[in-house]
Amino acid sequence: MASSLSQTVFSILLLLSLHQACAEMTHLHFYFHEILSGPNATVLTVVNPSNSTSLTFGTIVVVDDMLLEGLDDNSKLIGRAQGLVGAVGKDGSLETLHNFVFTEGKYNGSTISIYGRVELGVTIERPVVGGTGMFRMTTGYTLAKPVVVSATKLVYEFDVYLWHMEMKDN
C-alpha cells in the first residue's frame with residue numbers, strides 16, 4: 001500500500017515538473033473598465049440585503065466589464081471580464097470570480113478564470129485557476145492596480161502572468 005502511494009505521489013510530482021519545464025510563460029497587459037451606473041453600466045446588483053446602493057455585506061453583483069488595450073475609453077476592445085462579485089467580508093472585502101474572454105488577436109476565443117479576494121483601493125493580486133483555448137491547463141496570477149476610481153467608473157491596469165502549454169486548434 002505504501003509503495004503504491006509513493007509511486008502515485010512520485011508520478012504526480014513528475015508530471016507537475018514536466019508541466020513547469022515545458023510550460024510557456026505569457027505576460028498580458030491591458031485595462032479593465034467598469035461602468036458603475038448609467039445606461040451603459042457593466043455592473044448589475046442581483047442580491048442586495050440592505051436595500052443600499054453600495055456594496056455592503058451580502059451584496060452580489062454580476063459584471064460584464066470591458067478589457068481595453070489602453071486607459072482611454074476609446075481604446076481597442078480586446079475582451080470582456082464576465083463574472084460574479086460578492087461582498088463577503090464585514091470589513092468591505094469582496095470575493096470575485098471572473099472569466100476574461102478574449103475577443104481579438106492571438107488569444108481570440110480563449111479565456112482565463114480568475115478567483116480571489118479584493119480590497120478596494122490597493123493593488124490586487126489574484127490567482128488564475130484555469131483557462132480555455134490557447135490557455136488550457138493555465139496557472140498564474142494577476143496584478144490589478146487602480147488607476148481611475150470615481151462614483152461612476154473604475155479602471156484597473158492589469159498585468160497577467162500565465163504558465164501554460166501552447167495549445168493549437170485541432
Side-chain angles (χ1 to χ4, degrees), residues 20 23-46 52-57 59-167:
Q20 287 295 75
E24 175 179 323
M25 199 285 249
T26 298
H27 173 235
L28 304 174
H29 181 263
F30 50 82
Y31 292 83
F32 171 104
H33 290 245
E34 184 167 272
I35 302 170
L36 302 172
S37 61
N40 297 317
T42 60
V43 177
L44 176 67
T45 300
V46 293
S52 141
T53 58
S54 65
L55 270 174
T56 57
F57 180 68
T59 302
I60 298 174
V61 301
V62 293
V63 298
D64 186 9
D65 297 321
M66 297 167 288
L67 303 178
L68 302 179
E69 279 186 344
L71 181 58
D72 185 82
D73 292 344
N74 296 316
S75 296
K76 182 178 180 181
L77 179 70
I78 61 165
R80 307 294 298 195
Q82 300 169 328
L84 299 169
V85 177
V88 297
K90 292 195 178 204
D91 63 353
S93 62
L94 308 172
E95 197 75 16
T96 65
L97 176 59
H98 283 101
N99 283 307
F100 284 11
V101 181
F102 296 98
T103 57
E104 289 291 328
K106 178 179 180 180
Y107 304 115
N108 183 21
S110 299
T111 68
I112 56 173
S113 298
I114 300 162
Y115 176 78
R117 186 172 192 270
V118 170
E119 291 181 51
L120 297 176
V122 298
T123 298
I124 302 161
E125 180 177 353
R126 288 179 288 180
V128 174
V129 296
T132 65
M134 295 287 288
F135 297 126
R136 287 184 201 122
M137 299 179 63
T138 290
T139 60
Y141 66 96
T142 68
L143 296 173
K145 176 183 167 189
V147 291
V148 175
V149 178
S150 74
T152 59
K153 183 174 190 170
L154 297 174
V155 178
Y156 283 87
E157 180 179 16
F158 259 82
D159 282 293
V160 181
Y161 300 91
L162 304 171
W163 287 266
H164 60 97
M165 306 300 286
E166 183 71 31
M167 298 298 199

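- The CE atom of M66 lies 3.5 Å from the CD1 atom of I35; values are rounded to the nearest 0.5 Å.
- Y141 is linked by a ring pair (Phe, Tyr, Trp, His ring centres under 6.0 Å) to Y161, counting only residues two or more places apart in sequence or in another chain.
- Closest approach of R126 to Y115, counting heavy atoms only: CB-O, 4.0 Å.
- For E125, there are no salt bridge (charged side-chain N to carboxylate O under 4.0 Å, His left out) partners, not counting sequence neighbours.
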Let me see the working for T96 and V85 under side-chain contact (heavy atoms from CB on, under 4.5 Å), right down to the final yes or no. CA-CA 5 Å; T96 65; V85 177; 4.0 Å; yes

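- Atom-to-atom distance recorded for N99:CG and R80:CZ is 13.5 Å, nearest 0.5 angstrom.
- Taking F32 as the reference, H98, F158 meet the ring pair (Phe, Tyr, Trp, His ring centres under 6.0 Å) condition, with sequence neighbours excluded.
- How far OG1 of T142 is from CG of L162: 9.5 Å, rounded to the nearest 0.5 Å.
- Heavy atoms only, all atoms of each residue included: P146 and V122 are closest at CD-O, 3.6 Å.
- Between E95 atom CD and I60 atom CD1 the span is 11.5 Å, to the nearest 0.5 Å.
- Once rounded to the nearest 0.5 Å, the distance linking CG of L67 with CG of L28 reads 10.0 Å.
- Judged purely by atom type and a 3.5 angstrom limit, T132 uses its side chain to pair as donor or acceptor with the backbone of T111.
- Between V148 and L71 the shortest side-chain heavy-atom distance falls below 4.5 Å.
- F100 and A81 get closest at one heavy-atom pair: CE1-CB, 3.4 Å.
- Contact annotation: the side chain of I78 never approaches that of Y107 to less than 4.5 Å [non-hydrogen atoms, C-beta and beyond].
- Of all the heavy atoms in D72 and N74, the pair that sits closest is OD2-N, 2.8 Å.
- Closest of all the heavy-atom pairs between S37 and T152 is OG-CG2, 3.7 Å.
- Across all their heavy atoms, G70 and H33 have their closest contact at O-NE2, 3.2 Å.
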Show the numbers, then the answer: is there a side-chain contact (heavy atoms from CB on, under 4.5 Å) between L77 and E104? CA-CA 8 Å; L77 179 70; E104 289 291 328; over 6 Å; no

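- Taking CG from D65 and CG from L154, the interatomic distance works out to 8.5 Å, rounded to the nearest 0.5 Å.
- Side-chain atoms of T103 and N108 include no donor-acceptor pair closer than 3.5 Å.
- None of M137, R136, E24 except one satisfies the side-chain contact (heavy atoms from CB on, under 4.5 Å) rule with H164; the exception is E24.
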